[in-house]
Amino acid sequence: MAAAPSPAPPRILLAGDAHGRLHQLFKRVKSVNQSTGPFHALLCVGQFFPPEVPEGDSPPGDVADYLEGRAAVPIPTYFTGDYGPTAPRLLSKAAADARGFNPGGIEICPNLFWLRGSALFNLHGLSVAYLSGRKGLGGPGCYSQDDVDALRALAEEPGIVDLFLTNEWPAGVVDGTDTSKVSPQVLDSQGYDPVVAELVAEIKPRYHIAGTKGIFYAREPYVNDSSPHVTRFIGLANVGNKEKQKFIHAISPTPASTMSSADILARPPNATLSPYAAPAKSVHVEDTPKRPAESTDLQYWRYDVKRQRQGQADGSLLCFKYTSSGSCPRGSKCNFRHDEEAREHCQRNVCFDFLNKGKCERGPECRFAHSLTEEATLKDAKPRSERRRVESSCWFCLSSPDVESHLVISIGDGYYCALAKGPLVPDHVLMIPVEHFPTTITMPVEPEAELRRYKNSLSKYFKKQGKAAVYFEWVSQQSRHANLQAVPLPLSKAANVKKIFHLAAQRLGFEFSVVNPDGDANQGRELLRSQYDGKSGLFYVELPDGTLLLHMIDSGEKFPAQFGREVLAGLLSMADRADWRNCKLSKEEEVKMVDDFKQGFREFDPAE
């Protein structure tokens with residue numbers, strides 16, 4: 001049997017400084033997408049917002065049209081240039097509404113994501129690192145030493161970063177190249193940053209994308225020190241520049257995680273030595289106020305990671321992971337203090353900085369309490385104490401006393417997997433968000449990427465057994481904690497799944513709509529995520545061929561809670577197993593079932 005063809009690599013558009021000219025940018029994106037697309041995403045570097053303050057109180061026309069819904073962003077777009085006179089006002093609502101750490105971006109309007117601070121996230125299989133803001137004296141639009149340190153900590157992780165996004169060019173990037181035919185604008189010192197040069201030398205990405213200098217420049221690939229792959233630097237011009245310099249560029253890189261060793265080792269004939277072969281002494285970002293943080297997640301998650309990896313903790317400081325969630329995967333090996341009393345205060349919205357240091361540098365900007373007897377109420381959020389009461393009674397929250405932890409088979413960062421209680425068939429799996437979310441569709445971008453990895457791993461595991469997976473989720477107004485179910489079926493039954501779901505729908509008086517006629521399951525979920533309002537009830541099923549069938553449930557409609565399971569039970573001639581309560585096992589049987597699954601799944605488990 002011939003091997004299945006490898007999936008096509010993601011197609012990505014890159015753009016330079018938009019300067020608020022979003023109509024012109026997205027008009028070009030639409031044109032390119034229609035002629036040579038489709039493209040999966042647009043990544044924008046350099047100043048995204050207008051360089052001048054508009055007259056009156058209204059936002060600049062282009063930006064306002066998208067923020068207020070008069071125009072639509074054509075494809076998922078991510079930007080790092082969160083500066084300019086108008087940026088603080090235009091981003092204030094998104095910053096206030098943001099919850100937790102958002103490595104994959106804060107959505108400021110449909111399809112438009114603000115990459116704030118610094119982080120690493122997964123984009124269609126590509127590992128993307130970024131540093132938002134620019135060099136400066138601190139405050140909005142300037143990166144901080146914490147942002148830089150977080151990237152240095154991430155650089156220590158195994159694996160290859162595919163793309164690195166910065167706004168300014170790395171100092172010295174033209175060293176070692178023939179500059180005789182290079183534009184004087186490239187050689188001008190303005191727009192270069194030595195901190196970015198240090199970071200790119202440590203991260204060693206396959207592509208480094210930057211803006212700011214207002215000119216297009218594609219450097220010859222260079223060989224990285226102590227790494228097998230080369231790096232390609234691309235500098236992009238401003239959108240709509242008069243010199244007709246290239247401001248949009250297309251790439252289609254295969255994720256390094258799926259490349260062969262031979263492909264990673266390949267060196268183009270024009271490759272040069274690294275321009276950063278002898279890095280200077282570490283450049284420290286000026287002592288500046290920390291970037292305002294809207295939650296303790298964003299404020300401390302990255303510091304925790306950095307110190308743990310570098311062994312800088314002395315045991316006197318609190319562990320953020322334990323204090324905020326009640327558990328720490330490092331256990332006794334953690335370099336920080338696990339304090340139950342501090343956790344109790346944290347549940348009452350007491351500021352983590354205050355608990356950890358006795359003071360908080362954010363002052364009145366902090367949205368948490370600076371007293372052990374005061375309980376703060378966060379804007380648009382339930383107090384931690386109320387969330388804790390909800391989670392303590394939830395079957396699926398790992399911190400709940402009701403969770404049946406012996407059924408857990410794998411734990412990731414944003415999702416964990418467990419075998420179903422009262423399974424329809426052996427290896428019936430639930431994929432469950434670690435956080436208390438009512439549906440997987442509204443989960444942030446990074447956990448969504450992890451969910452995709454779990455699905456891919458389960459599909460490989462089932463395929464080895466000669467089976468195919470069906471995934472389904474029911475979302476209602478009463479949904480408390482999401483779970484996406486995966487039921488393996490014999491390959492002989494897989495072709496009939498679509499037909500039987502359509503027949504079952506007809507019997508209930510509705511018709512499924514097809515989300516993705518092309519059968520691209522990942523794109524189907526993205527379409528579903530972009531269209532879902534977060535309020536309606538729905539049921540969707542992903543068929544073995546990748547097609548997503550969707551039914552939006554009307555407010556007065558009585559929809560069977562066990563619909564997905566009942567349909568598959570009928571297909572498998574197991575009508576007596578349609579109700580999970582008829583299939584319950586003893587705890588000893590469940591423990592053996594979990595042990596057997598783990599043994600077979602270990603080679604596929606993305607969390608291993």
Side-chain angles (χ1 to χ4, degrees), residues 1-7 409-410 417-431 451-474 483-508 511-525 539-551 560 562-580 582-585 589 592-594 596-605:
M1 182 181 294
S6 301
I409 54 177
S410 176
C417 293
L419 291 185
K421 183 85 172 172
L424 173 62
V425 294
D427 295 348
H428 179 170
V429 175
L430 307 183
M431 286 165 282
L451 176 64
R452 190 181 306 131
R453 291 193 291 273
Y454 267 123
K455 288 174 60 186
N456 289 340
S457 297
L458 285 170
S459 294
K460 291 175 183 177
Y461 171 68
F462 293 143
K463 183 178 180 181
K464 188 176 180 179
Q465 300 175 341
K467 297 178 181 179
V470 176
Y471 302 93
F472 62 87
E473 181 178 8
W474 172 54
N483 65 88
L484 177 64
Q485 302 197 39
V487 177
L489 303 176
L491 292 178
S492 59
K493 299 285 188 180
N496 296 323
V497 176
K498 183 176 182 179
K499 180 178 179 180
I500 196 168
F501 267 101
H502 278 300
L503 287 173
Q506 289 174 13
R507 292 193 186 104
L508 290 180
E511 290 186 8
F512 278 112
S513 60
V514 179
V515 178
N516 55 337
D518 61 356
D520 185 330
N522 292 336
Q523 183 148 359
R525 277 193 65 88
F539 174 88
Y540 68 92
V541 55
E542 180 183 320
L543 308 179
D545 65 2
T547 303
L548 260 72
L549 304 181
L550 170 68
H551 172 54
Q562 298 288 327
F563 177 73
R565 180 175 177 131
E566 290 169 358
V567 173
L568 294 179
L571 174 66
L572 297 170
S573 300
M574 297 178 174
D576 58 323
R577 300 185 68 85
D579 190 327
W580 69 272
N582 297 333
C583 309
K584 287 193 287 187
L585 304 171
E589 290 173 316
K592 184 180 185 305
M593 178 176 69
V594 167
D596 291 343
F597 183 95
K598 283 183 175 180
Q599 186 173 353
F601 186 60
R602 185 170 290 115
E603 65 178 293
F604 305 101
D605 190 349

Minimum heavy-atom separation for D605 to I409, with atom names?
OD2-O, 4.1 Å
Rounded to the nearest 0.5 Å, what separates atom CD in E603 from atom NZ in K460?
10.5 Å
Show the nearest heavy-atom pair for residues A505 and F563, with the distance to one decimal.
N-CZ, 4.3 Å
So, do D596 and P426 sit near enough that their side-chain heavy atoms are less than 4.5 Å apart?
no
Heavy-atom pair with the smallest gap, counting every atom of A469 and F462:
CB-CD1, 3.6 Å
Scanning both residues in full, the closest heavy-atom pair of E566 with P560 reads OE1-CB, 4.2 Å
Heavy-atom donor-acceptor pair, R577 side chain to P423 backbone, under 3.5 Å:
yes
When you measure from the side chain of D520 to the backbone of N522, do you find a donor-acceptor pair of N or O atoms at a distance under 3.5 Å?
yes
Tell me, with the steps shown, if L549 and V515 meet side-chain contact (heavy atoms from CB on, under 4.5 Å).
CA-CA 6 Å; L549 304 181; V515 178; over 6 Å; no
Evaluate the side-chain proximity of L508 to H551: yes if any heavy-atom separation is below 4.5 Å, no if none is.
no
Heavy-atom side-chain proximity of R565 to C583 below 4.5 angstrom:
yes
Just say parallel, tilted or perpendicular for the rings of F512 and F539, cut-offs at 30° and 60°.
tilted
Atom CG in D579, atom NZ in K584: separation rounded to 0.5 Å?
9.5 Å
Working to the nearest 0.5 angstrom, can you tell me the gap between F601 CZ and Y454 OH?
7.0 Å
Within-4.5 Å side-chain heavy-atom neighbours: Q465 and D427:
yes
Passing candidate, side chain to side chain contact (heavy atoms under 4.5 Å, CB included) with F604, options S459, S410, S457
S457
Contacts of D545 meeting salt bridge (Lys or Arg N to Asp or Glu O under 4.0 Å) (sequence neighbours excluded), chain-then-number -> none
Which heavy atom of L548 sits nearest to which heavy atom of N516, and what is that distance?
N-OD1, 2.7 Å
Looking at every heavy atom in both W580 and Q562, which two are closest together, and how far apart are they?
CD1-NE2, 3.7 Å
Is the shortest side-chain heavy-atom distance between Y471 and L543 below 4.5 Å?
no
side-chain contact (heavy atoms from CB on, under 4.5 Å) between R452 and R525: does it pass, once the steps are laid out?
CA-CA 10 Å; R452 190 181 306 131; R525 277 193 65 88; over 6 Å; no
Less than 4.5 Å apart, side chain to side chain, heavy atoms only: is that true for K498 and H502?
yes
My understanding is that only one of K592, M593, K421 makes a side chain to side chain contact (heavy atoms under 4.5 Å, CB included) with L585; could you say which?
M593
Rounded distance [0.5 Å steps], CD in E473 versus CG in N483:
7.0 Å
Report yes if the side chains of L568 and F472 come closer than 4.5 Å at any heavy-atom pair, otherwise no.
yes
Given side-chain contact (heavy atoms from CB on, under 4.5 Å), test D576 with N582 step by step and report yes or no.
CA-CA 7 Å; D576 58 323; N582 297 333; 5.9 Å; no
Can you check whether F597 and Y461 have ring centres sitting under 6.0 Å from each other?
yes
Any side-chain heavy atom of Q485 within less than 4.5 Å of one from L430?
yes
